[in-house]
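Notes to accompany the following structure.
Residue numbering restarts at 1 for every chain, and letters A, B, ... go by the order of the sequence lines.
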There are 2 protein chains.
Amino acid sequence: MAKATGLTHNQQIVFDVLSHADRPQTAYEILGSELAHENGLKAPLTIYRALEALVDKALVHRIESLNAFIACDHEPHPEPAAFLICRNCRKTHETTMEACSGIFQATARQQLFTVEQVTIEMSGLCAECQAQARS
Amino acid sequence: MAKATGLTHNQQIVFDVLSHADRPQTAYEILGSELAHENGLKAPLTIYRALEALVDKALVHRIESLNAFIACDHEPHPEPAAFLICRNCRKTHETTMEACSGIFQATARQQLFTVEQVTIEMSGLCAECQAQARS
DNA sequence: ATCTATCACGTTATGATATAACATTTCAAA
DNA sequence: TTTGAAATGTTATATCATAACGTGATAGAT
């Protein structure tokens with residue numbers, strides 16, 4: 001579980017919730033968590049504001065295809081992150097795509113496009129859920 | 001504008017709306033379009049059902065980071081598509097990422113993960129919007 | 001020390017996106 | 001011509017996200 005400094009109270013709570021979760025959490029799942037409740041976080045906007053700050057600090061990633069959020073399990077990194085997202089259990093594995101950075105940049109350059117943000121998400125079945133499907 | 005056969009009436013209307021649009025459209029934008037209105041498509045679910053069928057047929061792509069949909073501007077293809085999405089004007093350029101397919105597969109294989117769907121979206125500024133920002 | 005600008009936060013309301021549940025119609029294969 | 005699968009219609013509701021506006025804490029400038 002990653003460390004984080006310079007966080008406000010609300011941000012720390014939300015980050016802790018995500019750090020303890022074993023899969024991406026939606027804003028409303030975070031809102032409904034014990035930890036959030038105990039600490040007085042009770043409005044959706046409170047959660048969304050903390051999430052926005054955490055994403056800005058690159059401590060948390062938004063998973064677009066789930067409308068959910070996951071704590072970054074590396075040190076903050078400049079390379080694009082990629083996610084393997086199980087469509088059955090939703091457990092999500094983060095990795096980086098250094099090998100693709102150049103290809104992406106070249107593609108963008110061709111279109112005179114300036115890339116600010118890269119989203120890579122692969123959906124499918126994780127090893128456990130494949131095994132379970134066979135049994 | 002791509003051709004499409006074997007579509008139901010509703011699917012054809014929705015596909016036509018997307019084909020004529022110069023940027024991705026949300027379900028509710030499609031719902032609000034002249035063409036949809038004229039043809040009696042008046043409930044969100046009608047639109048979503050047509051979109052689901054079109055995405056299944058690979059005639060339309062969902063842009064996760066916009067919650068919007070775009071007509072595929074190639075023939076249907078097996079390679080992962082990638083999108084360059086302007087955060088200012090929302091115009092979106094589709095391309096393929098054949099060069100990355102192997103990297104993605106290798107990454108997944110390492111985790112014993114079976115990939116079914118790949119999402120690649122790059123957000124930033126298109127050439128026009130960069131020029132406009134400078135002037 | 002206090003003014004003042006900024007940032008985080010609280011609260012309420014609402015907007016935007018998406019699906020559930022169930023009834024009806026269509027239409028082609030048997 | 002029956003019949004069964006797929007598409008559609010209709011209503012209601014679930015889920016995700018932000019607007020608007022006010023309050024309080026903090027820190028640098030005077």
Side-chain angles (χ1 to χ4, degrees), chain A residues 4-18 21 23-33 35-57 59-70 85 87 90 92 117 119 121 123, chain B residues 4-18 21 23-33 35-57 59-70 85 87 90 92 117 119 121 123:
Chain A
T5 57
L7 299 185
T8 67
H9 178 249
N10 287 359
Q11 289 162 22
Q12 187 67 57
I13 303 300
V14 169
F15 185 73
D16 285 351
V17 171
L18 290 178
R23 69 204 70 191
Q25 303 288 298
T26 68
Y28 282 79
E29 284 169 346
I30 296 168
L31 183 64
S33 71
L35 193 52
H37 187 75
E38 284 168 358
N39 283 275
L41 280 65
K42 57 186 182 189
L45 194 43
T46 305
I47 308 298
Y48 279 107
R49 286 202 275 229
L51 285 170
E52 184 183 11
L54 291 167
V55 169
D56 284 350
K57 293 174 207 270
L59 294 170
V60 164
H61 297 287
R62 177 181 170 88
I63 307 296
E64 296 288 352
S65 57
L66 296 178
N67 296 324
F69 300 84
I70 189 172
I85 305 163
R87 68 164 156 81
R90 303 208 153 185
T92 294
Q117 165 95 40
T119 299
E121 298 178 10
S123 169
Chain B
T5 57
L7 299 186
T8 68
H9 178 248
N10 287 359
Q11 289 162 21
Q12 188 66 57
I13 304 299
V14 169
F15 184 74
D16 285 351
V17 172
L18 289 179
R23 69 203 71 189
Q25 303 288 299
T26 68
Y28 282 80
E29 284 169 345
I30 296 168
L31 183 62
S33 72
L35 194 52
H37 188 75
E38 282 167 359
N39 283 276
L41 280 65
K42 56 187 185 191
L45 193 42
T46 305
I47 307 297
Y48 279 107
R49 287 202 276 228
L51 285 170
E52 184 183 13
L54 291 167
V55 169
D56 283 350
K57 294 175 207 270
L59 295 170
V60 164
H61 297 287
R62 178 183 168 88
I63 307 295
E64 296 289 353
S65 57
L66 296 178
N67 295 324
F69 300 84
I70 190 172
I85 305 163
R87 68 164 155 79
R90 301 208 152 186
T92 294
Q117 165 96 38
T119 299
E121 299 178 10
S123 169

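We find that CG of A:Leu41 is positioned 7 Å from P of C:dG10, with the value rounded to whole Å. Whole-Å rounding puts the A:Glu29 CD to D:dA14 P distance at 17 Å. As rounded to whole Å, 15 Å separates atom C1' of D:dT23 from atom CG of A:Asn10. Atom P of nucleotide C:dA16 and atom CD1 of B:Ile30 are separated by 16 Å, given to the nearest angstrom. Atom-to-atom, CG of A:Leu45 to P of C:dA8 comes out at 13 Å; the value is rounded to the nearest Å. C:dC27 atom P lies 12 Å from atom NE2 of B:His9, rounded to whole Å. Per the geometry, CD belonging to A:Glu52 stands 8 Å off P belonging to D:dT18, to the nearest Å. Put simply, CG on B:Leu31 is 11 Å from P on C:dT17, counting in whole angstrom units.
A:Gln11 is linked by a side chain to side chain contact (heavy atoms under 4.5 Å, CB included) to A:Leu7, A:Thr8, A:Ala50, A:Ala53, A:Leu54, A:Lys57, counting only residues two or more places apart in sequence or in another chain.
The backbone N or O of B:Ile63 sits nowhere less than 3.5 Å from a side-chain atom of B:Glu121 that would complete a donor-acceptor pair. Side-chain atoms of A:Thr92 come within 3.5 Å of backbone atoms of A:Arg90 as a donor-acceptor pair (strictly under, hydrogens ignored).
Side-chain nitrogen and oxygen atoms of A:Thr8 include none within less than 4.0 Å of the OP1 or OP2 phosphate oxygen of C:dA8. Between B:Arg62 and C:dT17 there is no side-chain N or O to OP1 or OP2 distance below 4.0 Å. The phosphate of D:dT18 has neither OP1 nor OP2 within less than 4.0 Å of any side-chain N or O from A:Tyr48. Proximity of A:Thr46 to the phosphate of C:dG10: a side-chain N or O atom is located under 4.0 Å from OP1 or OP2.
Checking B:Asn67 against B:Tyr28, the closest nucleotide of DNA chain D that is more toward the 5' end is the one next to B:Tyr28. With the nearest nucleotide of DNA chain D identified for both A:Thr26 and A:Arg49, A:Thr26 has the one nearer the 5' end.
Residues A:Leu31 and A:His37 have side chains not in contact (no heavy-atom distance under 4.5 Å, counting atoms from C-beta outward). A heavy-atom distance below 4.5 Å is not found between the side chains of B:Leu66 and B:Thr26.
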